[in-house]
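Labels below follow one simple rule: chain letters A, B, ... track the order of the sequence lines, proteins then strands, and each chain is numbered from 1.
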Protein chains: 2
Amino acid sequence: MKKTSVERLASAPRAPHDPQRTRRAILDAARIVFAEKGFSGANVDEIVARVQTTKPTIYYHFRSKEGLFAAVLEDVYAGMRDIERSLDLQELPAAAAMRKLVEITFDYHAEHPDWIRLISVANIHGAKHIAGSESLAPSNSAIIVILRELVYRGVREGLFRDGVDALHLHLLINSFCFYRVSNRHTWKVIFKRDLEAPEDVEAQREVIVGAVLRFLARG
Amino acid sequence: MKKTSVERLASAPRAPHDPQRTRRAILDAARIVFAEKGFSGANVDEIVARVQTTKPTIYYHFRSKEGLFAAVLEDVYAGMRDIERSLDLQELPAAAAMRKLVEITFDYHAEHPDWIRLISVANIHGAKHIAGSESLAPSNSAIIVILRELVYRGVREGLFRDGVDALHLHLLINSFCFYRVSNRHTWKVIFKRDLEAPEDVEAQREVIVGAVLRFLARG
DNA sequence: GTCTATAAATGGATAGAC
DNA sequence: GTCTATCCATTTATAGAC
């Protein structure tokens, strides 16, 4: 006997279909697993177990394990984008603004080790998973424009020297903030020092702030 | 009929058993494959194909895939160790010595992308493969002693300011040299700029040399 | 120490029902 | 859009001969 739609609604309904919510939950679980195990080391069953969904559902939404990883990367980059957009540096003098920018970058990296591992994983695989993505490039390089304008402002104010390439400055800032998190495990083995010890974290923050301000200072 | 050892020697001999050579060849091939594919992505058959050996031979020498990866890591760290040992900075004034140290670090990283990928892979896996190794720590942290003495010398010469932690300085130098190689793929996608373009490489070298010297400069 | 052959398990992906 | 059940390629690892 054919069920009517009324009977379907009446019979003990499972979790209602909510594709956006499902998609979101899969992305969150996948982020954790990929960050923990790398791309090949991650296994789809483990993601399934975390989300309480099934493999076919994942493949329905993301087409393949690679598609899922690509979606995770696009998703995490959005977080950094939002931080950069929320930067409000206009009110501050150039040196104070630069200090704030470096500190926020430092803190964001320190608080998002998962993000850092994912980017490491992406680089190990030659960034092929995001190679085709046009959505990442324009919005994420906004930070370069912000940096460039801030440097110009410092030059006009007579505080900063001229001729510093904004991308090189970004490289100087990000390399430190990224590396101290990404490579903390091998550092601990080799140098017997915990880069995450709270007192030392504060000192490291001052190191990169100081290095950047001295790098830009005139004379 | 049982073969005598003379008959064995006479009959078309395969490559003679040379365990050290076999071990070396396996390590070299494994380094390439692990660097290219990560730990889980690498497959032992691919290593076998490169070396012209067999899987049981690999398992005989290294016990497991993990054991092989650990051996590769210990092996590549030795290269960096040799560079650091060969540093001869005594003749130079402190600032010139520091410049040389930074430039050599920069160049070594630039010339060894495989080494960098392997360390990234090790960190993604929490450095568990080298966690137990006591051979790595003492010899590799020699660089910290060198740095510390060089900073002291600069302070005595009145060139450098006091109070700089040698490990933080090492972090500043290495983070830049490492990151510009390790993260070049995602950078290319996001910022549309090739960090390996020869003219730009020279400029980056000057950026980190300048940043370090300005970081240390008195006043 | 190194080989051939194969065991044993894992894990990406899909067919087909609902 | 999501489920159950399963296929099948891949791949770590080893038994046993030489």
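Regarding contacts with the backbone of C/dC3, a side-chain N or O of B/T53 is found under 4.0 angstrom from either OP1 or OP2. Taking 4.0 angstrom as the limit, A/T54 places none of its side-chain polar atoms (N or O) nearer than this to OP1 or OP2 of D/dT4. OP1 or OP2 of C/dA13 lies within a sub-4.0 Å distance of a side-chain N or O belonging to A/Y59. Put simply, B/T22 has no side-chain N or O that comes within less than 4.0 Å of OP1 or OP2 on C/dG1.
Of the possible polar contacts, one joining the B/K65 side chain to the B/A42 backbone as a donor-acceptor pair under 3.5 Å is found. Distance alone, capped at 3.5 Å, places no donor-acceptor pair between the A/Y179 side chain and the B/N174 backbone. Of the possible donor and acceptor atoms, one in the side chain of A/R184 sits under 3.5 Å from a partner among the backbone N and O of A/V181. Side-chain N or O atoms of A/Q204 include one that pairs as donor or acceptor with a backbone N or O of A/L195 at under 3.5 Å.
Taking every heavy atom of residues 117-127 of chain B and every atom of DNA chain C, no pair lies under 4.0 Å. Contacts between residues 60-71 of chain A and DNA chain D, counted as heavy-atom distances below 4.0 Å, involve A/Y60, A/H61. The stretch residues 33-51 of chain B touches DNA chain D through B/A42, B/N43, B/V44, B/D45, each having a heavy atom under 4.0 angstrom from the strand.
For the side-chain hydrogen bond (donor to acceptor under 3.5 Å, both in side chains) test, no residue two or more places apart in sequence or in another chain qualifies with B/S64. In this structure A/D88 satisfies the side-chain hydrogen bond (donor to acceptor under 3.5 Å, both in side chains) test with no other residue, sequence neighbours excluded. For A/H170, the ring pair (Phe, Tyr, Trp, His ring centres under 6.0 Å) partners at least two apart in sequence or on another chain are B/W187, B/F191. Taking the ring pair (Phe, Tyr, Trp, His ring centres under 6.0 Å) definition, one finds that B/F106 meets it with nothing, sequence neighbours left out.
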Between the protein and nucleotides 5-8 of chain D, list the N/O to N/O atom pairs that are separated by less than 3.5 angstrom.
none

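Put simply, CD1 on A/I26 is 12 Å from P on D/dG1, counting in whole angstrom units. What separates CZ of A/R21 from C1' of D/dT2 is a distance of 16 Å, to the nearest Å.
Within the structure, no pair that satisfies the ring pair (Phe, Tyr, Trp, His ring centres under 6.0 Å) test touches residues 40-62 of chain B, not counting sequence neighbours. Sorted by first and then second residue, the side chain to side chain donor-acceptor pair (under 3.5 Å) pairs involving residues 29-50 of chain B (not counting sequence neighbours) are B/D28-B/R31, B/K37-B/E46, B/D45-B/K55. Screening residues 130-149 of chain B for ring pair (Phe, Tyr, Trp, His ring centres under 6.0 Å) gives no qualifying pairs among residues at least two apart or on separate chains. Pairs engaging residues 120-129 of chain A under the side chain to side chain donor-acceptor pair (under 3.5 Å) rule: A/N123-B/T186 [sequence neighbours left out].
In summary, B/D82 and B/R85 engage in a salt bridge, as defined by a charged side-chain N under 4.0 Å from a carboxylate O.
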